[in-house]
Undergrad: 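Questions regarding the structure given below will be posed in turn.
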Number of protein chains: 2
Amino acid sequence: MTKIRDSELLERFGDHLKGIRTGKGLSQEEVAYRADIPINQVGRIERGEVNTTVSTLFALAKGLEVPPAQLLSFEPSLSQG
Amino acid sequence: MTKIRDSELLERFGDHLKGIRTGKGLSQEEVAYRADIPINQVGRIERGEVNTTVSTLFALAKGLEVPPAQLLSFEPSLSQG
DNA sequence: AATTATTAACACATATATGTGTTATAAAGC
DNA sequence: GCTTTATAACACATATATGTGTTAATAATT
């Protein structure tokens, strides 16, 4: 128990976000500004350091100009739990 | 600033989750068991009391037997920010 | 090399999610 | 009425996300 964080999932999620961002040619700063969240937070999320929240997901979707659901559209791991 | 939570969004999100769950005829307890999270947490999320995390979203998707992205597929508010 | 742009890393206070246990409602069936 | 099932509500400790500020490292440009 005391799982809570789940590093592998968060790293993959971060990579997915970064892929969307770079695919659009946006900097972390631009995304942070549009999403109205600190640039440091964008970096931490992309690096998989934090397990971000629903409200931040919606903010990021706005900043990245994609539907929120797209942020969760990726393969979470090699083997499903 | 000091927004962080965003009650309206979280209430809508909770309603959306509850809609998926009841639409499948599942109890909170069943979902909690399958998602391996406390039943209390499921309730708090459905009631919009907490701003849950990415890892819990994936757990809930598993418990509800839907793709994670579906959990974010709803209209977040009457007027877009 | 120096400047600029971009990202990472670090520290810290505060808010809050999670996990756990317990108790209260509410509805349904006996 | 009692029991079962389902959900809500409360309390509390702990982990951690967020927000903020600062500094370092890494490109890219000139």
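What you see below is based on every heavy atom in this structure, not just the backbone, and it leaves out hydrogens, waters and symmetry mates. Naming convention: chains lettered A, B, ... in sequence-line order (proteins, then strands); numbering from 1 in each chain.
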Undergrad: Where the side chain of B:Thr53 is concerned, which of D:dG19, C:dA17, D:dA6 is the nearest nucleotide?
TA: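 Per side-chain heavy atoms of B:Thr53, the pick is C:dA17.
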Undergrad: For B:Ile20, enumerate each residue passing the side-chain contact (heavy atoms from CB on, under 4.5 Å) test, keeping only those at least two apart in sequence or located in another chain.
TA: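 For B:Ile20 the side-chain contact (heavy atoms from CB on, under 4.5 Å) partners, ignoring immediate neighbours, are B:His16, B:Leu64, B:Val66, B:Gln70, B:Leu71.
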Undergrad: Kindly say whether B:Lys18 contributes a backbone atom to a donor-acceptor pair with the side chain of B:Thr22 at under 3.5 angstrom?
TA: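 Present.
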Undergrad: Rounded to the Å, how far apart are A:Leu57 CG and D:dA17 P?
TA: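 Distance check: A:Leu57 CG to D:dA17 P gives 13 Å.
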Undergrad: Between B:Glu49 and A:Val50, which is nearer to the 5' end of DNA chain D once each is assigned its nearest nucleotide?
TA: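 Residue closer to the 5' terminus by nearest nucleotide: B:Glu49.
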Undergrad: Which of these nucleotides, D:dT7, C:dT7, C:dA17, is closest to any side-chain atom of B:Ile39?
TA: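 Out of D:dT7, C:dT7, C:dA17, the nucleotide with an atom closest to B:Ile39's side chain is D:dT7.
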Undergrad: Does the pair B:Arg21 and B:Glu30 meet the rule for a side-chain contact (heavy atoms from CB on, under 4.5 Å), with working shown?
TA: CA-CA 10 Å; B:Arg21 178 176 63 79; B:Glu30 285 174 287; over 6 Å; no
Undergrad: Quick one: A:Leu17 CG to C:dT7 P, roughly how many Å, whole number?
TA: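 So the two atoms are 13 Å apart, to the nearest Å.
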Undergrad: Pull out every protein N or O sitting under 3.5 Å from an N or O of nucleotides 21-29 of chain D, one pair per line with the distance.
TA:
| unit_1 | atom_1 | unit_2 | atom_2 | d |
| --- | --- | --- | --- | --- |
| D:dG21 | O6 | A:Asn40 | ND2 | 2.3 |

Undergrad: For A:Pro38 and A:Ala32, which heavy atoms make the closest approach, and how far apart are they?
TA: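 Reported closest heavy-atom pair: C-CB, 4.0 Å.
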Undergrad: Using a cut-off of 4.0 Å on non-hydrogen atoms, how would the nucleic acid contact of A:Glu30 be classed: base, sugar-phosphate, or nothing?
TA: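 A:Glu30: no heavy atom of the nucleic acid under 4.0 Å.
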Undergrad: Where the side chain of A:Arg5 is concerned, which of C:dT7, D:dT16, C:dA17 is the nearest nucleotide?
TA: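 From the listed options, D:dT16 comes nearest.
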Undergrad: Both B:Asn51 and B:Gln28 contact DNA chain D. Taking the nearest nucleotide for each, which residue is further toward the 5' end?
TA: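 Checking each residue's closest nucleotide, the 5'-ward one belongs to B:Gln28.
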Undergrad: Short question: side chain of B:Asn51, backbone of A:Thr53 - any donor-acceptor pair under 3.5 Å?
TA: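 Not a single qualifying donor-acceptor pair exists.
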Undergrad: Given D:dT7, D:dA9, D:dA17, which nucleotide is nearest the side-chain atoms of B:Arg47?
TA: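 Nearest nucleotide to the side chain: D:dA9.
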Undergrad: With sequence neighbours excluded, tell me which residues meet salt bridge (Lys or Arg N to Asp or Glu O under 4.0 Å) with A:Glu49.
TA: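 Scan of A:Glu49 (salt bridge (Lys or Arg N to Asp or Glu O under 4.0 Å), adjacent residues dropped) gives A:Arg47.
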Undergrad: What is the distance, rounded to the nearest whole Å, between atom CG of B:Leu10 and atom C1' of C:dA15?
TA: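 So the CG-C1' distance, B:Leu10 to C:dA15, works out to 14 Å.
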Undergrad: Output the rounded distance in Å from NZ (A:Lys18) to C1' (C:dT6).
TA: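 Distance check: A:Lys18 NZ to C:dT6 C1' gives 10 Å.
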Undergrad: Between B:Glu46 (CD) and D:dA8 (P), how many Å, whole number?
TA: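 Taking atom P of D:dA8 as the reference, CD of B:Glu46 is at 7 Å.
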Undergrad: Looking at A:Leu26 and A:Gly63, what are the two nearest heavy atoms and their distance?
TA: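 Shortest heavy-atom contact: CD1-O, 4.1 Å.
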Undergrad: Would you mind classifying the nucleic acid contact of B:Glu29 as base, sugar-phosphate or nothing, using non-hydrogen atoms under 4.0 angstrom?
TA: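 Sugar-phosphate contact only - B:Glu29 comes under 4.0 Å of backbone atoms but never of a base.
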Undergrad: From CZ of B:Arg21 over to P of D:dA6, roughly how many Å is that when rounded to an integer?
TA: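 Rounded to the whole Å, the gap is 10 Å.
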Undergrad: Specify the separation, in whole Å, of atom OH of B:Tyr33 and atom C1' of D:dT5.
TA: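 It works out to 18 Å between those atoms.
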